[in-house]
Peer 1: 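Mind looking over this structure? Questions follow.
We're numbering straight along the sequence, starting at 1.
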Amino acid sequence: MEVDEVVRLPRLSRVAVCGGTHGNELSGVYLVRELLKGRKEVMEKKEEEEEEAEEQPPSVLTVLANPRAVLQCRRYVDTDLNRCFTHAALKGPLPGAVPYEMIRSRELNATLGPKGSPGAVELVCDLHNTTANMGLCLIAYSDCDWICLHIFRHLQRKMPDIPMRYIHFDVPHKESYSLDSVGKHGFAMEIGPQPHGVVRSNVYAAMKAGVQHMLDWVCFFNSGSTFEGEYVDVFTMIKHIDYPRDSETRNITAAIHPQLQDQDFCLLHPEDPLFQTFSGETLRYKGDEALYPFFINECAYYEKGIALSLARKRRVMVPAIRVQTERERQAHMEEEEEE
């Protein structure tokens, strides 16, 4: 496919903005609360504008994903909600003592999905904070979702002072496990560094701006604007690295090396310093190729046995896109019925 070949994609009628999937990641919590507080005024304004406009703006669903964890300012109550959206977790039998987040994931799937169905919302943006020095990242399960990639480029253009990357988790759709996978398109907006249980005004402001630019782009797309093709750098996650551990106690025996700390997305070469043991010894990276580290020393990943993740960078050709016309949509539906 040529970059300048225009791909026609369905209209984005419904967009979900979710915060509080992790109850102690407070930028998304406070942004969703602010959006909910202003919903009445916004809806009244929209009704006035829609009377004059031919094109209806997208319906925006604002969701506080894990309200119990938010009340306790904890990542989760029983289990990580952001690992509860695989097809098996959503459709399998529930155990006797059902974790709260398993129940909540099915409620969210019913509201925003069902996952993989024609009735699912068109786009899910799930808001997260990281303690790692990652700037603003969009994390998605596809490196060929042209909607998500064009949104990413739009944010890059509108927010040039914010370090920004697109991270690809190469996971099959049925095994995709996070809330954003419920939508037809979806991504996590991950912004840091910010300590958990804390809100920093600059991080909150970046998230608020990112969400607004995303919603603006959706309106531009739905109005019929053509977005030109271009190339985008994509970081595909290759593997995780755990901390060195004592073979008997499983306690960690080293921390991230000072030269690596806060160096997210700076190329890590073989033999570069990786860890520093608590006795002062330097442990070096023993991989076969240079890769890009991210989520370096993420607080929430200690329990998951992840000191950092490593990605390979490549350039992806993103074609030009525009919204389908009604005639094109009907023709596409007829083709699918014939198949």
Peer 1: If we ignore hydrogens and angles and just use 3.5 Å, is the side chain of Arg106 paired with the main-chain N or O of Leu90 as donor and acceptor?
Peer 2: yes
Peer 1: Looking at Lys184 and Ser117, what are the two nearest heavy atoms and their distance?
Peer 2: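 The answer is CE-O, 3.9 Å.
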Peer 1: Where do Glu5 and Pro319 come nearest, in terms of heavy atoms and distance?
Peer 2: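 Heavy atoms of Glu5 and Pro319 come nearest at O-CB, 3.7 Å.
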Peer 1: Report the relative orientation of the aromatic rings in Phe275 and Tyr243; use parallel for angles under 30°, tilted for 30 to 60°, perpendicular for over 60°.
Peer 2: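 Phe275 vs Tyr243 ring planes: tilted.
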Peer 1: Please give me the minimum heavy-atom distance between Leu108 and Phe85, naming the atom from each residue.
Peer 2: CD1-CZ, 3.9 Å
Peer 1: How far apart are the C-alpha atoms of Leu215 and Val211, what are their side-chain angles, what is the distance that settles it, and do they pass the side-chain contact (heavy atoms from CB on, under 4.5 Å) test?
Peer 2: CA-CA 6 Å; Leu215 294 175; Val211 169; 4.2 Å; yes
Peer 1: Quick one: NE2 on His168 to CG on Leu149, what's the gap to the nearest 0.5 Å?
Peer 2: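 If I round to the nearest 0.5 Å, the distance is 9.5 Å.
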Peer 1: Is there a side-chain hydrogen bond (donor to acceptor under 3.5 Å, both in side chains) between Ser176 and Lys115? Walk through the geometry before answering.
Peer 2: CA-CA 10 Å; Ser176 57; Lys115 179 175 179 174; 2.9 Å; yes
Peer 1: Going through the distances and angles, do Cys137 and Tyr166 end up as a side-chain contact (heavy atoms from CB on, under 4.5 Å)?
Peer 2: CA-CA 6 Å; Cys137 296; Tyr166 188 98; over 6 Å; no
Peer 1: Before you tell me yes or no, could you show the steps for Thr253 and Asp246 under side-chain hydrogen bond (donor to acceptor under 3.5 Å, both in side chains), namely the whole-Å CA-CA distance, both residues' side-chain angles and the distance that decides it to 0.1 Å?
Peer 2: CA-CA 6 Å; Thr253 58; Asp246 183 276; over 6 Å; no
Peer 1: Any sub-3.5 Å donor-acceptor pair from Thr111's side-chain atoms to Glu107's backbone N or O?
Peer 2: yes
Peer 1: Tell me if a side-chain donor or acceptor on Asp126 pairs with a main-chain N or O of Asp180 at a distance below 3.5 Å.
Peer 2: no
Peer 1: Answer yes if Val7 and Ile151 sit in the same cluster of Ile, Leu, Val, Met, Phe, Trp and Tyr residues linked by side chain heavy atoms under 4.5 Å apart, and no otherwise.
Peer 2: yes
Peer 1: Ile147 and Tyr141: same hydrophobic cluster, using ILVMFWY side-chain contacts below 4.5 Å?
Peer 2: no
Peer 1: Does Met189 belong to the same Ile/Leu/Val/Met/Phe/Trp/Tyr cluster as Val15, with side-chain heavy atoms less than 4.5 Å apart forming each link?
Peer 2: yes
Peer 1: What are the two closest non-hydrogen atoms of Ala206 and Ile191, and how far apart are they?
Peer 2: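 Taking Ala206 first and Ile191 second, the nearest heavy atoms are C-CD1, 4.1 Å.
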Peer 1: Quick one: do Cys18 and Val124 satisfy side-chain contact (heavy atoms from CB on, under 4.5 Å)? Show the steps, please.
Peer 2: CA-CA 7 Å; Cys18 306; Val124 176; 4.2 Å; yes
Peer 1: Once you round to the nearest 0.5 Å, how far does CZ of Arg312 lie from NZ of Lys239?
Peer 2: 9.5 Å
Peer 1: So do Val17 and Leu127 actually touch side chain to side chain, heavy atoms under 4.5 Å?
Peer 2: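 Of all side-chain heavy-atom pairs linking Val17 with Leu127, at least one is under 4.5 Å.
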Peer 1: Got a sec: does the OH of Tyr30 have more than 12 other heavy atoms crowding it under 6.0 Å?
Peer 2: no
Peer 1: Identify the heavy atoms of Tyr285 and His269 that sit nearest to each other, and give their distance.
Peer 2: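 Heavy atoms only, the tightest pair is CD2-O, 3.2 Å.
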Peer 1: Is any side-chain heavy atom of Leu35 closer than 4.5 Å to one of Leu31?
Peer 2: yes
Peer 1: Examine the side chains of Thr130 and Glu298 and answer whether a donor and an acceptor come within less than 3.5 Å of each other.
Peer 2: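 Glu298 and Thr130 do have a side-chain donor-acceptor pair below 3.5 Å.
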Peer 1: For Glu228 and Arg153, run salt bridge (Lys or Arg N to Asp or Glu O under 4.0 Å): C-alpha distance rounded to whole Å, both residues' side-chain angles, the deciding distance at 0.1 Å, then the answer.
Peer 2: CA-CA 11 Å; Glu228 299 301 324; Arg153 281 295 295 127; over 6 Å; no
Peer 1: Please check: side-chain N/O of Arg68 versus main-chain N/O of Gly23, any donor-acceptor pairing under 3.5 Å?
Peer 2: no
Peer 1: Does Arg284 reach the main-chain N or O of Glu271 with its side chain, forming a donor-acceptor pair under 3.5 Å?
Peer 2: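 Between the backbone of Glu271 and the side chain of Arg284 there is a qualifying donor-acceptor contact (under 3.5 Å).
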Peer 1: Check whether Arg165 reaches the backbone of Pro163 with its side chain - one donor and one acceptor, N or O, closer than 3.5 Å.
Peer 2: no
Peer 1: Go through the steps to decide whether Asp80 and His22 satisfy the test side-chain hydrogen bond (donor to acceptor under 3.5 Å, both in side chains), and finish with yes or no.
Peer 2: CA-CA 8 Å; Asp80 191 341; His22 294 135; 2.7 Å; yes
Peer 1: Do the non-hydrogen side-chain atoms of Pro193 and Asp264 ever get within less than 4.5 Å of each other?
Peer 2: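 Pro193 vs Asp264: side chains apart.
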Peer 1: So, for Pro195 and Arg200, which heavy atoms are closest and what is the spacing to 0.1 Å?
Peer 2: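 Where Pro195 meets Arg200 most closely, the heavy atoms are CD-CD, 4.2 Å.
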Peer 1: So that I can tick it off, tell me whether Arg11 and Glu122 are bridged by a salt bridge, with the cut-off set at under 4.0 angstrom between side-chain N and carboxylate O.
Peer 2: no
Peer 1: Just by distance, no angles: are the side chains of Glu190 and His128 close enough, under 3.5 Å, to form a donor-acceptor pair?
Peer 2: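 No, because no side-chain N or O of Glu190 sits under 3.5 Å from a partner of the opposite role on His128.
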Peer 1: Between Asn82 and Tyr76, does any side-chain donor sit less than 3.5 Å from a side-chain acceptor?
Peer 2: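 Per modelled atom types, Asn82 and Tyr76 side chains form no pair under 3.5 Å.
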Peer 1: Report the C-alpha distance between Ser309 and Tyr301 in whole Å, list the side-chain angles of each, state the deciding distance to 0.1 Å, and finish with yes or no for side-chain hydrogen bond (donor to acceptor under 3.5 Å, both in side chains).
Peer 2: CA-CA 10 Å; Ser309 300; Tyr301 287 176; over 6 Å; no
Peer 1: CE/Met214 to NE2/His154 distance, rounded to the nearest 0.5 angstrom?
Peer 2: 10.5 Å
Peer 1: Find out whether Val63 and Val32 are in side-chain contact, i.e. whether some heavy atom of one side chain is under 4.5 Å from a heavy atom of the other.
Peer 2: no
Peer 1: Can Leu155 and Trp217 be said to form a side-chain contact (heavy atoms from CB on, under 4.5 Å), step by step?
Peer 2: CA-CA 9 Å; Leu155 265 60; Trp217 184 91; over 6 Å; no
Peer 1: Treating Arg322 as the side-chain partner and Leu9 as the backbone partner, does any N or O pair qualify as donor plus acceptor under 3.5 Å?
Peer 2: no
Peer 1: Verify the distance criterion only: is there a donor paired with an acceptor across the side chains of Thr131 and Gln194 at less than 3.5 Å?
Peer 2: no
Peer 1: According to a hydrophobic-cluster definition based on side-chain heavy atoms being under 4.5 Å apart (Ile, Leu, Val, Met, Phe, Trp, Tyr only), do Val218 and Val60 belong together?
Peer 2: yes
Peer 1: Less than 4.5 Å apart, side chain to side chain, heavy atoms only: is that true for Tyr177 and Cys84?
Peer 2: no
Peer 1: Atom CG of Leu283 and atom CG of Leu274: how far apart are they, to the nearest 0.5 Å?
Peer 2: 7.5 Å
Peer 1: Do Glu34 and Lys208 sit within salt-bridge range, that is, some charged N less than 4.0 Å from a carboxylate O?
Peer 2: no
Peer 1: Does atom NZ of Lys304 have more than 12 heavy-atom neighbours from other groups under 6.0 Å away?
Peer 2: yes
Peer 1: Out of curiosity, Phe169 CZ to Ser181 OG, how far, rounded to the nearest 0.5 Å?
Peer 2: 12.5 Å
Peer 1: Using 30° and 60° as the class limits, which term best fits the ring planes of His150 and Phe227: parallel, tilted or perpendicular?
Peer 2: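 Tilted, since the angle between the ring planes falls between 30° and 60°.
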Peer 1: Using a 3.5 Å distance criterion without hydrogens, assess whether the side chain of Asn129 forms a donor-acceptor pair with backbone atoms of Gly192.
Peer 2: no
Peer 1: Determine the sole option in Pro273, Cys266, Pro293 for which the side-chain contact (heavy atoms from CB on, under 4.5 Å) test with Leu260 is passed.
Peer 2: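 Only match with Leu260 under side-chain contact (heavy atoms from CB on, under 4.5 Å): Pro293.
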Peer 1: Would you say the side chain of Asn66 lies within less than 4.5 Å of the side chain of Thr21, judging by non-hydrogen atoms?
Peer 2: no
Peer 1: Please confirm whether the backbone N or O of Asp78 pairs with a side-chain atom of Glu101, one donor and one acceptor, at under 3.5 Å?
Peer 2: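 Yes: the side chain of Glu101 pairs with the backbone of Asp78.
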Peer 1: Would you say the rings of Phe235 and Phe265 are close, in the sense that their centroids are separated by under 6.0 Å?
Peer 2: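 That pair passes the under 6.0 Å test.
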Peer 1: Answer yes if Leu291 and Ile167 sit in the same cluster of Ile, Leu, Val, Met, Phe, Trp and Tyr residues linked by side chain heavy atoms under 4.5 Å apart, and no otherwise.
Peer 2: no
Peer 1: Any heavy-atom pair between the side chains of Arg245 and Asn251 that's under 4.5 Å?
Peer 2: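 With C-beta onward as the side chain, the pair stays apart.
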Peer 1: When rounded to the nearest 0.5 angstrom, what distance separates NE2 in His196 from SG in Cys299?
Peer 2: 5.0 Å
